[in-house]
Amino acid sequence: MFKNFIMKIIVITGPTASGKSDISLEIARRLSGEIISADSMQLYKGLDIGAAKPDKRELETVPHHLIDLFEISERLDVFRYVELADKAICEIRKRGHVPVIAGGTGMYIRALLYGLDPLPSNPELRTKLDAEFDSEPGFEKLKDLMSVKDPGDFQRWKQHRRKLIRALEVFEITGKSITELQKTWKDNPSLRYDVFAGTLVWDRDELKKRIETRTDKMLESGWVDEAREMIKQGLLQSPTAHQALGYKIIAEYLEGLIDRETMRCRIITSTWQYARRQITWFKNQHPESIPIKMPTDMEKLIEEIRMAGF
RNA sequence: AGGUGAGUAGCUCAAUUGGUAGAGCGGCGGUCUCCAAAACCGCAGGUCGCAGGUUCGAUUCCUGUCUCACCUG
């Protein structure tokens with residue numbers, strides 16, 4: 001029959017504020033592509049300014065996917081993202097268009113490209129485990145439990161509450177250690193797609209400046225009001241969306257605990273720390289990706305992508 | 001001008017009844033398979049305001065000096 005036909009996709013990643021949206025929009029426009037967001041927070045409705053979603057004009061220029069799909073009260077995870085992205089890629093290819101994955105959530109992108117081992121999960125069990133162990137005193141109990149039940153994983157993650165809870169979840173379902181069930185990704189990095197992947201790379205000081213400028217822009221365009229509204233809707237208590245950067249800091253400002261300048265500085269600092277983690281991630285977890293020095297020559301980049309068969 | 005207090009890591013502050021100093025935050029590096037804009041691990045920074053004195057030895061005591069804050073006039 002047909003050989004396993006591997007679909008071609010383009011992936012543009014990079015740290016926050018590196019210009020992924022602009023670059024991918026341009027690529028999509030030129031190569032009749034459609035954009036799939038790879039951003040854990042853009043999936044949520046209402047986090048518009050804070051998640052730096054593309055604006056109306058950009059959304060009209062090129063079709064976008066995996067944006068505004070869920071309420072902030074919903075729980076999301078990598079597995080769910082991969083399902084959605086796979087589906088979106090399929091549909092775009094059916095239309096004869098090129099999927100352009102654009103985003104900074106490295107874990108989602110790596111999982112999409114290299115796949116996830118079929119580790120089981122059970123939402124009810126997980127909720128129960130979280131309630132029991134995801135706290136300071138719970139962590140102590142968890143360590144005691146895991147050290148006898150699953151010593152291997154305990155050794156591996158003994159200081160990492162969340163990973164230990166996940167290990168316990170898998171252990172409860174399968175009776176096996178999660179470490180045993182996971183193939184190490186680096187031993188067998190086989191791609192699920194035929195991909196052209198680029199990581200946007202900036203000079204550090206440049207990127208810092210961009211983060212500052214963008215933060216100011218976000219604040220000017222009403223981020224505080226957006227945050228007030230989302231907090232009212234329960235953002236801070238939400239299972240996943242509460243992790244979105246900045247909102248917790250803005251909450252402190254709204255409560256009068258810090259002044260506006262302090263808020264601004266703290267947002268910039270935590271955004272920078274996030275960017276650094278992303279840089280580390282993309283540097284070490286994505287052998288498929290080539291660095292794209294920014295600012296880049298768009299013509300040359302498009303040419304390069306065309307040469308790769310798009 | 002006089003009085004009081006403070007001057008210790010980039011920042012906020014500990015400690016040493018005299019034996020050359022720690023923490024948090026920040027910075028830097030890293031980990032990462034179902035909360036990842038998360039969570040976790042590691043590392044590097046200090047001539048202890050400056051100048052003298054006492055002492056085997058001072059960041060710690062004494063004197064002077066500078067800076068800052070507050071108080072009095």
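Labels below follow one simple rule: chain letters A, B, ... track the order of the sequence lines, proteins then strands, and each chain is numbered from 1. Both backbone and side-chain heavy atoms feed into the values below; hydrogens, waters and symmetry mates do not.
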Between Ser73(A) and Ser238(A), does any side-chain donor sit less than 3.5 Å from a side-chain acceptor?
-> no
Have a look at Ser40(A) and say if it touches a base, only the backbone sugar-phosphate, or nothing, with a 4.0 Å heavy-atom cut-off.
-> base
Should Glu60(A) and Arg57(A) count as an ion pair when the cut-off is N to O under 4.0 Å?
-> no
Pairwise C1' distance for G64(B) and G27(B), with rounding to whole Å = 38 Å
Whole-angstrom distance between G49(B) and A6(B), as gauged at atom P = 12 Å
Could you work out which one of G29(B), A37(B), C35(B) sits closest to the side chain of Arg276(A)?
-> G29(B)
Do we see a donor-acceptor contact under 3.5 Å between the side chains of Asp259(A) and Thr262(A)?
-> yes
Answer yes when Glu261(A) and Arg264(A) have at least one side-chain N-carboxylate O distance shorter than 4.0 Å, and no when they do not.
-> yes
Under 3.5 Å, is there a donor-acceptor pair linking the side chains of Thr105(A) and Asp39(A)?
-> no
Determine the Euclidean distance between corresponding C1' atoms of G45(B) and G22(B); express it in Å to zero decimal places.
-> 13 Å
Can you tell me, in whole Å, how much space there is between the C1' of A21(B) and that of G53(B)?
-> 24 Å
Out of A37(B), C34(B), U31(B), which has the shortest distance to the side chain of Phe79(A)?
-> C34(B)
Here the distance between atom C1' of A37(B) and atom CZ of Arg214(A), to the nearest Å, is 10 Å
State whether Thr269(A) places a side-chain N or O below 4.0 Å from either non-bridging phosphate oxygen (OP1 or OP2) of G26(B).
-> no
Can you give the dot-bracket line for RNA chain B, using ( ) for pairs inside the strand, [ ] for pairs that cross earlier ones, | for pairs with another strand and . for unpaired bases, where Watson-Crick and G-U count if both distances are under 3.5 Å?
-> (((((((..((((........)))).(((((.......))))).....(((((.......)))))))))))).
Asn284(A) side chain near C32(B) phosphate (N/O to OP1/OP2, under 4.0 Å) = no
Answer yes or no: side-chain N or O of Asp134(A) and base N or O of C35(B) forming a donor-acceptor pair under 3.5 Å.
-> yes
Could you give the distance separating G5(B) and G42(B) at their C1' atoms, to the nearest angstrom?
-> 40 Å
Would you check if there is a donor-acceptor pair between the side chains of Tyr44(A) and Glu74(A) at a distance under 3.5 Å?
-> no
Between G30(B) (C1') and His286(A) (NE2): distance, integer Å | 15 Å
Sugar-phosphate only, base, or nothing, as touched by Leu76(A) at under 4.0 Å among non-hydrogen atoms | sugar-phosphate
Think Thr280(A) has a side-chain N or O under 4.0 angstrom from the OP1 or OP2 of G30(B)?
-> yes
Does one side chain, of Ser121(A) or Arg126(A), offer a donor that lies under 3.5 Å from an acceptor on the other?
-> no
For the side chain of Ala51(A), starting at C-beta, report the closest nucleotide among C35(B), A37(B), C28(B).
-> A37(B)
For the side chain of Gln243(A), starting at C-beta, report the closest nucleotide among C32(B), G29(B), A37(B).
-> A37(B)
Starting at atom CG of Leu236(A), determine the distance to atom P of C35(B), rounded to an integer number of angstrom.
-> 20 Å
Gln273(A) vs G27(B): side-chain N/O to OP1/OP2 distance below 4.0 Å | yes
Answer yes or no: is there an ion pair linking Arg75(A) with Asp130(A), defined by an N-O contact shorter than 4.0 Å?
-> yes
Atom CH2 of Trp157(A) to atom C1' of A36(B): distance rounded to whole Å?
-> 13 Å
Among A36(B), A37(B), C35(B), which is the nearest nucleotide to the side chain of Trp281(A)?
-> A36(B)
Between G26(B) atom C1' and Lys208(A) atom NZ, what is the distance in whole Å?
-> 10 Å
Please write out each protein N/O paired with an N/O of nucleotides 39-41 of chain B under 3.5 Å, distance rounded to 0.1 Å.
unit_1, atom_1, unit_2, atom_2, d
A39(B), O2', His160(A), NE2, 2.7
C40(B), O4', His160(A), ND1, 3.4
C41(B), OP1, Gln159(A), NE2, 3.4

Spacing between Gln285(A) atom CD and A36(B) atom P, to the nearest angstrom = 16 Å
If you measure from the P atom in C34(B) to the same atom in G29(B), how many Å do you get, rounded?
-> 26 Å
Taking the same atom, P, in C43(B) and in C25(B), what whole-Å distance lies between them?
-> 15 Å
Please work out if Gly50(A) contacts a base, only the sugar-phosphate, or nothing of the nucleic acid, heavy-atom cut-off 4.0 Å.
-> base
Between the side chain of Gln42(A) and the main-chain N/O of Ala51(A), is any donor-acceptor distance below 3.5 Å?
-> yes
What's the closest nucleotide to the Met107(A) side chain, out of C32(B), C35(B), G29(B)?
-> C32(B)
What's the CD1-P distance between Ile267(A) and G26(B), to the nearest Å?
-> 15 Å
Test for a donor-acceptor pair under 3.5 Å between the base of A36(B) and the side chain of Asp77(A), counting only N and O atoms.
-> no
Taking atom C1' of G10(B) as reference, at what distance in whole Å does atom CH2 of Trp272(A) sit?
-> 16 Å
Give Ser270(A) one of three labels, base, sugar-phosphate or nothing, depending on what nucleic acid heavy atoms sit under 4.0 Å from its own.
-> nothing
Would you mind checking if Lys217(A) and Glu220(A) are paired as a salt bridge, meaning a charged N to carboxylate O distance below 4.0 Å?
-> no
Between G27(B), A36(B), G30(B), which one does the side chain of Thr240(A) approach most closely?
-> A36(B)
Could you check whether Arg156(A) gets within reach of a base, just the sugar-phosphate, or nothing at all, counting any heavy atom under 4.0 Å?
-> sugar-phosphate
When we call it a touch if two heavy atoms are under 4.0 Å apart, what does Gln278(A) touch: a base, just sugar-phosphate, or nothing?
-> nothing
Determine if the base of G45(B) is syn or anti; take syn to mean the glycosidic torsion is within 90° of 0.
-> syn
For Arg126(A), answer base if it contacts any base atom (sugar-phosphate contacts may also be present), sugar-phosphate if it contacts only those atoms, and nothing otherwise; contact means non-hydrogen atoms under 4.0 Å.
-> base
Where the side chain of Arg166(A) is concerned, which of C34(B), A36(B), G29(B) is the nearest nucleotide?
-> C34(B)
Nearest to the side chain of Gln42(A) - G27(B), C32(B), A37(B)?
-> A37(B)
Nearest-nucleotide check on RNA chain B, Val170(A) vs Gly104(A); residue mapping nearer the 5' end is Val170(A)
Answer yes or no: is there an ion pair linking Asp68(A) with Lys53(A), defined by an N-O contact shorter than 4.0 Å?
-> yes
Distance-only side-chain donor-acceptor flag, Glu34(A) / His65(A), under 3.5 Å | yes
Ion pair present between Glu288(A) and Arg110(A), side-chain N to carboxylate O less than 4.0 angstrom?
-> no
For His97(A), does its backbone N or O pair with a side-chain atom of Arg93(A) as donor and acceptor, under 3.5 Å?
-> yes
Rounding to the closest angstrom, what is the interatomic distance between G10(B) and C66(B) at atom P?
-> 26 Å
Would you mind classifying the nucleic acid contact of Tyr108(A) as base, sugar-phosphate or nothing, using non-hydrogen atoms under 4.0 angstrom?
-> sugar-phosphate
